[in-house]
Chemist: 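Pasting a structure below so you can have a look.
Predicted model, so just to flag it, every value in this text is computed and none were measured.
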Amino acid sequence: MMTPNDSEDDVELTGAEDERRAALAFVTEAFAEAILSGVESESFAHAALFAALQELVETYGEDAVAAFASRLPQRITSGEFTVALKH
């Protein structure tokens with residue numbers, strides 16, 4: 001398990017795969033419940049990202065999270081977060 005003293009590269013959140021899968025299931029369920037309650041998916045997604053970044057900053061600090069976030073564009077464009085097939 002990582003600690004707030006880990007290096008910037010450790011913010012990649014490696015390890016504890018089962019725990020991350022369980023956490024993703026909770027977030028996915030909360031997302032579905034919000035949509036069923038009438039919350040727009042885009043609004044929920046923005047709120048979830050804000051909450052996640054806020055938690056990471058509290059745990060690891062601004063510099064480590066900024067370094068983590070700086071790698072997101074490449075990860076996004078490489079399809080790491082894409083679940084649907086591209087046309």
Chemist: Does Q74 offer a backbone N or O that forms a donor-acceptor pair with the side chain of T77 under 3.5 Å?
Modeler: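 Yes, the answer is positive, given that a donor and an acceptor are paired below the 3.5 Å cut-off.
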Chemist: If I take atom CD1 from residue I35 and atom CD from residue E33, how far apart are they, to the nearest 0.5 angstrom?
Modeler: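 So the CD1 of I35 and the CD of E33 are separated by 11.0 Å.
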Chemist: Would you say T28's side chain and L24's backbone share a donor-acceptor pair under 3.5 angstrom?
Modeler: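 It does hold such a pair.
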Chemist: Which pairs pass ring pair (Phe, Tyr, Trp, His ring centres under 6.0 Å) with one or both residues in residues 18-49, sequence neighbours excluded?
Modeler: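 As it turns out, the ring pair (Phe, Tyr, Trp, His ring centres under 6.0 Å) pairs with a partner in residues 18-49, which skip direct neighbours, are F31-F44.
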Chemist: Taking side chain to side chain contact (heavy atoms under 4.5 Å, CB included) as the test, write out the residues that go with E80, two or more places apart.
Modeler: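 Per chain and number, E80 pairs via side chain to side chain contact (heavy atoms under 4.5 Å, CB included) with R75, S78.
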Chemist: Could you pull out the closest heavy-atom pair between V57 and V65, with the gap in Å?
Modeler: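 Result for this residue pair: N-CG2, 3.6 Å.
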Chemist: Which ILVMFWY residues can you reach from L49 by hopping between side chains whose heavy atoms are under 4.5 Å apart?
Modeler: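 None, because no other hydrophobic side chain comes under 4.5 Å of this residue.
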